[in-house]
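The figures that follow rest on heavy atoms only: side chains count, while hydrogens, waters and symmetry mates do not.
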Amino acid sequence: MARGRSGRNGAGGGGCAGCFLGFLLKFLAFLQAFAAVSAVLYGAWIVSRWARHHELHLDHLLPDLWFACAVMAAGLLYCAILLAGYIAAEISSGCCLCFYTVLAMAMLLLEASVAGHLLLNEHWMQDLPYDRTGELNNLVSFVQNNLDLCKWTALATLATQALSLLLAMVLRAMVSTSRDDYDSDEDFVVIRRPLLVAQGAPSYLPTTADPRGVHPQLWSSSMRQKYGLNSSSGYTYNTLDHQNAAPPQ
């Protein structure tokens, strides 16, 4: 019983901590959603402005608008990952948390590889296809003119993603630990006995019976119930004593 109480108290503490970590994970996902939605809206704005001055065909969408499509795809992928993280934090499912952890880690590695390529390769723009919209050059000029702002924004975004990944891993470990403790508690079978053990019926049967066909024990029980005699009273009727009594002289 003491072990069961301690297990329940530990589960309650882990539940409060899990709820707090889940709230933090959902809050960070909400903050990152601004960047994801902004990327999608920026790509949609490029496509809409191109469609106002040029005839838009789906066949020429990727060659002409590859930059807008890449930005929109990155924003939609980011939104899908954030949605998976929000759902995983809401339902506290180990499978969903593991899935979100894998996706977030893959996205962080992809962003780190892209950032490393941009920093180490000075002629990275020559490796990309020509952007007919000109928005890539405008974006590069904006980043160069506002380098400090863009640097701190990128660092804040990466820190938020890393913190979300850490919270998801900790929450995943807490869910697994609480589930293992619950399974281990179910392995023990506790046999409880009542404080007052009722006396069972006698394992023997009376060997004598009244000549009229009535069992003596049943007859005495019915008489006690009829006249309100308690079983603890000394008034009992025993036909055996009556039969074994000496006959009158």
Next on the checklist: With side chain to side chain contact (heavy atoms under 4.5 Å, CB included) as the criterion, how do Met105 and Tyr100 come out once you've worked through the C-alpha distance, each side chain's angles and the decisive distance to 0.1 Å?
Outcome noted: CA-CA 8 Å; Met105 189 176 299; Tyr100 169 72; over 6 Å; no
Checklist entry - side chain to side chain contact (heavy atoms under 4.5 Å, CB included) between Phe67 and Leu139: does it pass, once the steps are laid out? => result CA-CA 11 Å; Phe67 178 69; Leu139 181 61; 3.7 Å; yes
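With respect to Phe99, the side chain to side chain contact (heavy atoms under 4.5 Å, CB included) criterion is satisfied by exactly one of Leu97, Leu103, Val102: Leu103.
Leu82 has its side chain within reach of Tyr78: a pair of non-hydrogen atoms, C-beta onward, lies under 4.5 Å apart. Side-chain atoms of Val114 and His117, non-hydrogen and from C-beta on, never get closer than 4.5 Å to each other. With contacts defined as side-chain heavy-atom distances shorter than 4.5 Å, the pair Met72/Tyr42 does not qualify. Contact of the Arg132 side chain with the Tyr130 side chain is registered, since non-hydrogen atoms from C-beta on lie closer than 4.5 Å. Side-chain contact between Phe23 and Glu90 is absent, with no heavy-atom pair separated by less than 4.5 Å. In this structure, the side chains of Trp66 and Leu128 come closer than 4.5 Å at one or more pairs of heavy atoms.
Note: the hydrophobic cluster containing Val40 does not contain Tyr86 (ILVMFWY, side chain heavy atoms under 4.5 Å, direct or indirect links). Taken together through direct or relayed side-chain contacts under 4.5 Å among Ile, Leu, Val, Met, Phe, Trp and Tyr, Leu166 and Phe20 form part of one hydrophobic cluster. Placement of Met169 and Met174 in two distinct hydrophobic clusters is found when ILVMFWY residues are connected by side-chain heavy-atom separations under 4.5 Å, directly or transitively. Leu108 and Leu77 are members of different hydrophobic clusters when ILVMFWY side chains are connected at heavy-atom separations under 4.5 Å. Taken together through direct or relayed side-chain contacts under 4.5 Å among Ile, Leu, Val, Met, Phe, Trp and Tyr, Leu83 and Leu76 form parts of separate hydrophobic clusters.
The two residues Ala104 and Leu165 come nearest to each other via the heavy atoms CB-CD1, 4.0 Å. Considering every non-hydrogen atom in both Ala89 and Gly22, the closest pair reads CB-O, 3.6 Å. In terms of heavy-atom proximity, Ala39 sits nearest to Val71 at O-CG1, 3.2 Å. The two atoms that bring Arg172 and Gly94 nearest to each other are NE-O, 3.0 Å, heavy atoms only.
How far CG of Leu118 is from OG of Ser113: 9.5 Å, rounded to the nearest 0.5 Å. Taking CD of Gln161 as the start and CD1 of Ile81 as the end, the distance is 8.5 Å to the nearest 0.5 Å. In this structure, Leu65 CG and Ile46 CD1 are separated by 8.5 Å, a value rounded to the nearest 0.5 Å. Ile91 CD1 to Cys96 SG: the interatomic distance, rounded to the nearest 0.5 Å, is 4.0 Å.
Judged by distance alone, the side chains of Ser164 and Gln32 do bring a donor and an acceptor atom under 3.5 Å apart. With 3.5 Å as the limit, one finds a donor-acceptor pair spanning the side chains of Asn121 and Asp127.
Between the Asn137 side chain and the Ser141 main chain, no donor and acceptor come within less than 3.5 Å of each other.
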